[in-house]
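Below is one structure, written out as structure tokens, with a few remarks after it.
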Amino acid sequence: MASPSVLTPQSEDFPKWYQDIVAKAEMADNGPVRGTMVIRPYGYAIWERIQASIDERIKRTGAQNAYFPLFIPESYLSKESEHIEGFSPELAVVTHAGGEELAEPIVVRPTSETVIGEFMAKWIQSYRDLPLLLNQWANVVRWELRPRLFLRSSEFLWQEGHTAHASAEDASAYAMRIHLQVYNDFLEKVLAVPTFLGIKPPSERFAGATNTMTCEGMMRDGKALQMATSHELGQNFARAFDIYYQSEEGQAELCFTTSWGASTRLVGGLIMAHGDDNGLVLPPAVAPWVVVVIAVREDEEVLAACQQLNEVLSSQGLRTQIDDGRRGSFGRRVTDWEMKGVPLRIEVGPRDLAQGLVTVVRRDTGEKFPVALTEVVDLVESLVGQIQDDMYAAATAFRDERTKDVNSLDEAILTAQSGFARLAWDLVGENGEARLKAEAMTVRCLQRADGAIPDNELEEGLVAIIAKSY
RNA sequence: CGGGGCGUAGCGCAGCUUGGUUAGCGCGCCUGGUUUGGGACCAGGAGGUCCCGGGUUCGAAUCCCGGCGCCCCGACCA
């Protein structure tokens, strides 16, 4: 029986497909205030796995977690002129509290460079205090005109790292380390999303940064998504907040700072990088449940077999969920689990069971394996790694198919209708960026010819990655 | 902030043009039963300030005026 599709097909209306999946996989709802988001348990479970993976990597680089306040004096934002200019259109400002108008308005943090800068100045006295490596997990508010769940909401959750260093070289090296060993490693190994790494052209830089690095992923509609960014802030914030240290020679020296972040947007990226017309497709590393054991029918023997299997699998450290059949017909339950993107399902029914078999099915390829009960654990364990690898390979193949080297802006505009164009940066220029803007396209990042991250946009022979984006 | 569209049950919608019994339909939900190897079926049932305010009228979901909200498409952002 061919069942009608539950979702709007991607090919018909990609944004609608995305909205459908967020609702039907029970990821999130719109909050009561426009632009706010209620993250439902399944969506939050995915976020928690993302958090854990990133947090572990951050700590490996030596940074420590801390927490800074949600409310920031408006005057702080104004201390760095580019920063305030960049953020003022998106600020939520508290003017009244305690029943009275406030003497100084309070800003709800859009990011925390300013408060953290203030405290870095207090905490850093000597070169011995450097580098100071901080991170916080928090919510931030940037008022959005056109919100979309996970991708762009007025309030979102993220991690923001803030560091201070004695030299530009040290700051730069640390930002690069975060970019490669935290973000890119996480994206490749956990989310199974290949990226283009590079620096933002000056027009796309973070407000107040001297250099912004980005990880650009390709979604199933060929558009780009910025999945994480790392900024070198030079001495801009150090100067604004008096972040000085005393050198070995006894001189007062300005610090060099960095900041870097990744947000709940990653959940949106995960959906759009791997999802298909049957719903989410989750790489095992980020899936709340790697395996669901499904009873084909409510039958004592079947249920007993399911429970036993479930126990064996979880004793092997696999995150499993059992579906005992009380929630409706088999077909319906299967489509629900597919919608949620669980990487593997094990169907346990009387027919197979009579022969000592169960059926293992891969979510990513749809392949079915009849397998002896005694061999299920081994098969599942090998498939988990296989699926993770295959999904990365499939996403890479998809991205490469839709990425083209081009020789002119006209060609780039054509290619970027449905993918990424690689064009020599020299051939873009200021007029080029304006023309791209008119086509709803941007230079996503600048790379060296071999794909490496350049030091700055003035290097010779850089390549611009051009695409539409979220 | 520009351009479109829409507010009627949890969700999706019809009804409005041409005002008139108790406001319908599908999905979902509850109860009972039969089912269950790819979105099951039968029977019964619960659920509504028809976005808000005002006006016209014997009578407004429907007509008029004014608000508010939401969604989609564009300019800014993670």
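Keep in mind the model is a prediction, meaning the values are calculated, not measured. So that the names make sense, note that chain A is the first sequence line, chain B the second, and so on, each numbered from 1.
Base-pair partner of B/G19: not found among the strands shown (Watson-Crick or G-U wobble, both distances under 3.5 Å).
The separation between A/Lys16 atom NZ and B/C11 atom P is 14 Å, rounded to whole Å. Across the protein-nucleic acid pair, A/Leu149 atom CG and B/C70 atom P stand 13 Å apart, rounded to whole Å. Between the P atom of B/G12 and the CG atom of A/Leu7 lies a distance of 15 Å, rounded to the nearest Å. Between A/Glu144 atom CD and B/C70 atom C1' the separation is 17 Å, expressed in whole Å. Rounded to an integer number of Å, the gap from A/Asn30 CG to B/C71 P is 5 Å.
Residue A/Asn310 forms a side chain to side chain donor-acceptor pair (under 3.5 Å) with just one option from A/Asp324, A/Asp323, A/Thr320, and that option is A/Thr320.
Among the protein residues, A/Asp352 comes within range of the nucleic acid bases, having at least one heavy atom under 4.0 Å from a base atom. Nucleic acid contact class of A/Arg327 (heavy atoms, under 4.0 Å, all strands): none. Among the protein residues, A/Ser153 comes within range of the nucleic acid bases, having at least one heavy atom under 4.0 Å from a base atom. Using a 4.0 Å heavy-atom distance criterion, A/Gly349 is classed as a base contact. Using a 4.0 Å heavy-atom distance criterion, A/Phe87 is classed as making no nucleic acid contact. The residue A/Pro110 sits apart from the nucleic acid: no heavy atom pair falls under 4.0 Å. At the heavy-atom level, A/Gln19 lies under 4.0 Å from the strands shown only through sugar-phosphate atoms.
Looking at A/Arg332 and A/Asp336, a side-chain N of the basic residue comes within less than 4.0 Å of a carboxylate O on the acidic one, giving a salt bridge. Under 4.0 Å is where a charged nitrogen must lie from a carboxylate oxygen, and between A/Glu56 and A/Arg60 at least one such pair does. A salt bridge does not link A/Arg205 with A/Glu232: none of the charged nitrogens is closer than 4.0 Å to a carboxylate oxygen.
Side-chain to base pairing of A/Arg333 with B/G37: no donor and acceptor N or O lie closer than 3.5 Å to each other. Put simply, the side chain of A/Lys368 and the base of B/G38 share a donor and an acceptor less than 3.5 Å apart.
With both ends at atom C1', the span from B/A14 to B/G48 equals 15 Å, rounded to whole Å. Straight-line distance between the C1' atoms of B/U56 and B/C63: roughly 8 Å, to the nearest whole Å. When the C1' atom is used for both B/C13 and B/C50, the distance is 13 Å, rounded to whole Å.
In the set B/A40, B/G38, B/C71, the nucleotide with an atom closest to the side chain of A/Arg332 is B/A40.
Within 6.0 Å of CD in A/Glu300 there are 12 or fewer heavy atoms belonging to other residues, nucleotides or ligands.
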